[in-house]
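I'd like to ask some things about the structure below.
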Amino acid sequence: MIFGRLKMTLENINSNKSFGGWHKQYRHYSSSVNGSMQFAIYLPPQVSQGVKVPVLYWLSGLTCSDENFMQKAGAQHIAAELGIAIVAADTSPRGEDVANDDGYDLGQGAGFYVNATQAPWNKHFHMYDYIVNELPGLIESNFPVTKQRAISGHSMGGHGALMIALKNADRYSSVSAFSPISNPVNCPWGQKAFAAYLGNDKSTWQEFDSSKLMQKASAHVPAKVDQGLGDDFLVEQLKPQTLIAAATENNYPLELTQHEGYDHSYYFIASFIEQHLQFHHKHFTQ
């Protein structure tokens, strides 16, 4: 199924019909990351009827790609009902010429959605620019979607979604996250990545920390966060209490729910993804 004439920069590498719509994967050259990138898009059945639909951008966590969410979250059935397109981005640039690290929490698969300023990462790791500007521009130019955008993510991607929405309140109608890294300047994952990508001046790190941004935000994007209390990373890495404190201090519209027994896996995400899509749909239609 073809939706208009796609630009030559997009290479369709996979298509699957799902709940009356289409899941498609594309590869393209990215000027932001100076190399090839891949993304997936779910187009709900409404687009085949000539309807343009809003878009939810999904950012995945450490070690993931565009495939994890689309295959494991079970989001397509409710996206089809609500008429929402879902775009799942990759988590970093990839390739033989792209810098990497032996650890799973730095380098390929671990872009942290920032623009790296330090060598060797600054050659390719400009994920902030890619997610905020290039990818939406590509989607809106090539697919039957509106300019209504929401953003969501898990873990490292939850950090990315919250941080990006807080820094670009005019671009998103709502934001949500599962198990986000809420205070990366004060956790091992964030400290390792920010030191490598942004350098040792910790004052620059705060501009990419959701708790710090929420504490001082003057424009508010409605936010929904779900956190499992059986999550092995809860205390050391995720620190939801810092986000709660920031929202309370700034009277920020944050809905944060903690769930007994749920862990960090996609079993957790699949359990509550419908509520997140309903949340975004409500703000799309306001």
Margin query: So, using side-chain hydrogen bond (donor to acceptor under 3.5 Å, both in side chains) as the criterion, who are the partners of Lys224 when residues are at least two apart?
Written below: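 If we apply the side-chain hydrogen bond (donor to acceptor under 3.5 Å, both in side chains) test to Lys224, skipping adjacent residues, the hits are Glu255.
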
Next item on the list: Check side-chain hydrogen bond (donor to acceptor under 3.5 Å, both in side chains) between Tyr267 and all other residues, then give those that pass, not counting sequence neighbours.
Entry: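 Listed in chain order: nothing, the list is empty.
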
Notebook entry, point to check: Under 3.5 Å, side chain of Gln258 to main-chain N/O of Gly228, donor-acceptor pair present?
Noted result: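 Checked: no pair found.
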
Next item on the list: Check step by step if side chain to side chain contact (heavy atoms under 4.5 Å, CB included) holds for Leu162 and Val225.
Entry: CA-CA 9 Å; Leu162 289 168; Val225 172; 4.3 Å; yes

Notebook entry, point to check: Who are the side-chain hydrogen bond (donor to acceptor under 3.5 Å, both in side chains) partners of His124, not counting sequence neighbours?
Noted result: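 side-chain hydrogen bond (donor to acceptor under 3.5 Å, both in side chains) check on His124 returns nothing, list empty.
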
Notebook entry, point to check: Roughly how far, to the nearest 0.5 Å, is CD1 of Ile13 from CD of Gln25?
Noted result: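 Result: 5.0 Å between the selected atoms.
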
Item checked: Student check: side-chain heavy atoms of Pro222 and Phe279 closer than 4.5 Å ->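 A side-chain contact under 4.5 Å exists here.
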
Item checked: Qualifying ring pair (Phe, Tyr, Trp, His ring centres under 6.0 Å) pairs with a residue from residues 40-68, counting only residues at least two apart or across chains ->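 Pairs touching residues 40-68 that pass the test: Trp58-Phe69.
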
Note to self: Apply side chain to side chain contact (heavy atoms under 4.5 Å, CB included) to residues Leu10 and Phe39 and explain how you reach the verdict.
What the structure shows: CA-CA 10 Å; Leu10 284 181; Phe39 68 87; 3.7 Å; yes

Check: When rounded to the nearest 0.5 angstrom, what distance separates CD in Gln108 from OG in Ser65?
Finding: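 That separation rounds to 12.5 Å.
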
Note to self: Suppose we screen for salt bridge (charged side-chain N to carboxylate O under 4.0 Å, His left out). Which residues come up paired with Lys239, at least two apart in sequence or across chains?
What the structure shows: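 Salt bridge (charged side-chain N to carboxylate O under 4.0 Å, His left out) list for Lys239, sorted by chain: empty.
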
Margin query: Strictly distance-based, threshold 3.5 Å: is any side-chain N or O of Asn12 a donor or acceptor partner for the main-chain N or O of Asn14?
Written below: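 Side chain of Asn12 to backbone of Asn14: a pair is present.
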
Notebook entry, point to check: So, do Gln227 and Gln241 sit near enough that their side-chain heavy atoms are less than 4.5 Å apart?
Noted result: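 Gln227 does not reach Gln241 side chain to side chain.
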
Item checked: Test item: side-chain donor near acceptor, His259 and Asp226, under 3.5 Å ->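 Side chains of His259 and Asp226: pair found under 3.5 Å.
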
Notebook entry, point to check: Say you draw a straight line from CD1 of Ile131 to OG1 of Thr91; how long is it, rounded to the nearest 0.5 Å?
Noted result: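 Going from CD1 on Ile131 over to OG1 on Thr91, the span is 9.5 Å.
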
Check: Taking the six-membered ring for Trp, are His264 and Trp189 parallel (under 30°), tilted (30 to 60°) or perpendicular (over 60°)?
Finding: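 Rings of His264 and Trp189: tilted, as their planes differ by 30° to 60°.
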
Item checked: Under 3.5 Å donor-acceptor, Gln237 side chain and Ile181 backbone ->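 Absent.
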
Next item on the list: Determine whether more than 12 heavy atoms belonging to other residues, nucleotides or ligands lie under 6.0 Å from atom CD of Glu260.
Entry: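 No.
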
Note to self: Under a 3.5 Å distance rule, please check whether Gln38 uses its side chain to pair with a backbone N or O of Tyr26 as donor and acceptor.
What the structure shows: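 A pair under 3.5 Å: no.
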
Item checked: Donor + acceptor pair across side chains of Ser32, His126 (<3.5 Å) ->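 No donor-acceptor contact under 3.5 Å links the two side chains.
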
Notebook entry, point to check: Atom CG of Asn183 and atom OG1 of Thr242: how far apart are they, to the nearest 0.5 Å?
Noted result: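 Nearest 0.5 Å value for the CG-OG1 distance: 4.0 Å.
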
Check: Can you tell me if Tyr29 and Asn34 form a side-chain donor-acceptor pair at under 3.5 Å?
Finding: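 There is such a pair between these side chains.
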
Margin query: Please evaluate residues Val47 and Trp22 with respect to the criterion side chain to side chain contact (heavy atoms under 4.5 Å, CB included), reporting the C-alpha separation (whole Å), side-chain torsions for both, the decisive distance (0.1 Å), and the verdict.
Written below: CA-CA 10 Å; Val47 303; Trp22 286 90; over 6 Å; no

Notebook entry, point to check: In a check of ring pair (Phe, Tyr, Trp, His ring centres under 6.0 Å) between His154 and each of Tyr266, Phe178, Phe233, which one passes?
Noted result: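 That would be Tyr266; it is the only one of Tyr266, Phe178, Phe233 passing the ring pair (Phe, Tyr, Trp, His ring centres under 6.0 Å) with His154.
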
Next item on the list: Report the relative orientation of the aromatic rings in His159 and Phe112; use parallel for angles under 30°, tilted for 30 to 60°, perpendicular for over 60°.
Entry: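 Aromatic pair His159/Phe112 classed tilted.
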
Note to self: Between Thr285 (side chain only) and Lys282 (backbone N and O only), is there a donor and an acceptor less than 3.5 Å apart?
What the structure shows: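 Answer holds: yes.
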
Notebook entry, point to check: Relative to each other, are the rings of Tyr130 and His28 parallel, tilted or perpendicular (30° and 60° limits)?
Noted result: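 Answer is parallel, since the angle falls under 30°.
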
Notebook entry, point to check: Got a sec: does the CZ of Phe268 have more than 12 other heavy atoms crowding it under 6.0 Å?
Noted result: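 It does: Phe268 CZ has more than 12 such atoms within range.
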
Checklist line | Contacts of Ser203 that satisfy side-chain hydrogen bond (donor to acceptor under 3.5 Å, both in side chains) - sequence neighbours left out | finding: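 Partners of Ser203 by the side-chain hydrogen bond (donor to acceptor under 3.5 Å, both in side chains) criterion, ordered by chain and then number, come out as Asp201.
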
Checklist line | Interatomic distance, Ile269 atom CD1 to Ser155 atom OG [nearest 0.5 angstrom] | finding: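 The OG atom of Ser155 is 8.5 Å from CD1 of Ile269, to the nearest 0.5 Å.
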
Check: By salt bridge (charged side-chain N to carboxylate O under 4.0 Å, His left out), which residues pair with Asp105, not counting sequence neighbours?
Finding: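 Salt bridge (charged side-chain N to carboxylate O under 4.0 Å, His left out) list for Asp105, sorted by chain: Lys192.
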
Next item on the list: Only pairs at least two apart or in different chains count here, so list each salt bridge (Lys or Arg N to Asp or Glu O under 4.0 Å) that has a residue in residues 74-94.
Entry: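 Non-adjacent pairs meeting salt bridge (Lys or Arg N to Asp or Glu O under 4.0 Å): Asp90-Arg94.
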
Checklist line | Worked verdict on Ser182 versus Ser210 for side chain to side chain contact (heavy atoms under 4.5 Å, CB included) | finding: CA-CA 6 Å; Ser182 297; Ser210 297; 5.7 Å; no

Item checked: 4.5 Å side-chain heavy-atom contact, Tyr128 and Asn168 ->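 Tyr128 vs Asn168: side chains touch.
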
Notebook entry, point to check: Got a sec, which pairs hit salt bridge (Lys or Arg N to Asp or Glu O under 4.0 Å) with one end in residues 157-177, sequence neighbours left out?
Noted result: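 Output for this query lists Lys167-Glu207.
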
Item checked: Residue pairs involving residues 52-73 (criterion salt bridge (Lys or Arg N to Asp or Glu O under 4.0 Å); sequence neighbours excluded) ->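 For residues 52-73, and leaving out neighbouring residues, there are no salt bridge (Lys or Arg N to Asp or Glu O under 4.0 Å) pairs at all.
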
Notebook entry, point to check: Which heavy-atom pair separates His280 from Ser152 by the least distance, and what is that distance?
Noted result: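 Answer, listing the atom of His280 first, then Ser152: NE2-CB, 4.1 Å.
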
Margin query: Between His23 and Ser18, do the side chains contain a donor N or O and an acceptor N or O under 3.5 Å apart?
Written below: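 Per modelled atom types, Ser18 and His23 side chains form no pair under 3.5 Å.
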
Note to self: So does Ala150 get a backbone contact from the side chain of Ser174, meaning a donor-acceptor N/O pair under 3.5 Å?
What the structure shows: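 Absent.
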
Checklist line | Side-chain heavy-atom pair Leu43, Ser48 within 4.5 angstrom cut-off | finding: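 A side-chain contact under 4.5 Å is absent here.
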
Notebook entry, point to check: Among pairs that include at least one residue of residues 127-144, which meet salt bridge (Lys or Arg N to Asp or Glu O under 4.0 Å), considering only residues two or more places apart or in two chains?
Noted result: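 Matches after skipping sequence neighbours: Glu140-Lys147, Glu140-Arg149.
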
Check: Looking at residues at least two apart in the chain, or sitting in another chain, which of them share a ring pair (Phe, Tyr, Trp, His ring centres under 6.0 Å) with Phe284?
Finding: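 For Phe284, no residue satisfies ring pair (Phe, Tyr, Trp, His ring centres under 6.0 Å) once neighbours in sequence are set aside.
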
Next item on the list: Report yes if some heavy atom in the side chain of Met70 is under 4.5 Å from a heavy atom in the side chain of Gln76; otherwise report no.
Entry: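 Side chain of Met70 against side chain of Gln76, heavy atoms only: contact under 4.5 Å found.
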
Margin query: Rounded at 0.5 Å granularity, tell me how far CG in Asn250 sits from OG in Ser211.
Written below: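 Rounded to the nearest 0.5 Å, the CG-OG separation comes to 12.0 Å.
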
Next item on the list: Heavy atoms only: give me the nearest Ser176-Ala161 pair and the separation to one decimal.
Entry: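 Closest heavy-atom pair between Ser176 and Ala161: O-CB, 3.9 Å.
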
Check: So, do Pro45 and Phe19 sit near enough that their side-chain heavy atoms are less than 4.5 Å apart?
Finding: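 They are not in contact (no side-chain heavy atoms under 4.5 Å apart), so the answer is no.
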
Margin query: Looking at Asn200, is its backbone amide N or carbonyl O close enough to the side chain of Trp205 to form a donor-acceptor pair, meaning the two atoms are under 3.5 Å apart?
Written below: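 Looks like no, no N/O pair under 3.5 Å.
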
